[in-house]
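Comments concern the structure below.
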Amino acid sequence: MSITSTVAYVARRAAQKERVRILYRRALKDTLNWAVHRHLFYDDASRLRERFEENRHVEDLDTIDRMIDDAEATYNKFRHPDPYIVPWAPGGSKFTRNPAPPQGIGIVYDFGLEE
């Protein structure tokens, strides 16, 4: 095996590991959207982890790519239609609730202090 093919192999494996990591995190967060109670989430999270772990031994790069593509398609098919968004994050209910003051209005930081 030449150095070029070794580098290409290592780079492709690193990219696959990153894709799997991102897919797992997204699926785990989406599982939390579907769970009504935390104890239900723990069971779903355990099943999700088992599904990822059962394919950990696969070494063929093309098979891994195909499995990742299938898993991403399945994830996109079963994503939650109304995911939970933290209220103060973009898209949340409190995001930009208190807009900036208009131009020309200044904030007095030493109000009430006696000199």
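Residue numbers run from 1 in the order of the sequence given.
- A search for salt bridge (charged side-chain N to carboxylate O under 4.0 Å, His left out) contacts involving R25 returns nothing, not counting sequence neighbours.
- Contacts of D69 classified as side-chain hydrogen bond (donor to acceptor under 3.5 Å, both in side chains), with partners at least two apart in sequence or in another chain: R19.
- The CD atom of Q16 sits 4.5 Å away from atom CG of D65, with the distance rounded to the nearest 0.5 Å.
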Validation: residues 85-97 side-chain donor-acceptor distances under 3.5 Å, sequence neighbours left out:
none

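- Between P83 and N33, the closest heavy-atom pair is CB-ND2, 3.4 Å.
- In this view, D62 and R12 satisfy the salt bridge (charged side-chain N to carboxylate O under 4.0 Å, His left out) rule, not counting sequence neighbours.
- Atom CZ of R13 has more than 12 neighbouring heavy atoms from other residues, nucleotides or ligands inside a 6.0 Å radius.
- Evaluation of the side-chain hydrogen bond (donor to acceptor under 3.5 Å, both in side chains) rule for R56 yields E53 as partners, not counting sequence neighbours.
- Using a 4.5 Å cut-off between side-chain heavy atoms of Ile, Leu, Val, Met, Phe, Trp and Tyr, L32 falls into a hydrophobic cluster with V20, L23, Y24, L28, F41, Y42, L48, F52, V58, I64, M67, I68, Y75.
- Partners of D82 according to the side-chain hydrogen bond (donor to acceptor under 3.5 Å, both in side chains) rule, which considers only residues two or more places apart in sequence or in another chain, do not exist here.
- Scored by the side-chain hydrogen bond (donor to acceptor under 3.5 Å, both in side chains) test, T63 finds D60 as partners (sequence neighbours excluded).
- Within the 4.5 Å cutoff, side-chain heavy atoms of L61 are placed close to those of Y9.
- Between the CZ atom of R38 and the CG atom of D43 there is a distance of 12.5 Å, given to the nearest 0.5 Å.
- Taking H57 as the reference, nothing meets the ring-ring contact (aromatic ring centres under 6.0 Å, His included) condition, with sequence neighbours excluded.
- Scanning for salt bridge (charged side-chain N to carboxylate O under 4.0 Å, His left out) contacts around R21 gives E18, with sequence neighbours left out.
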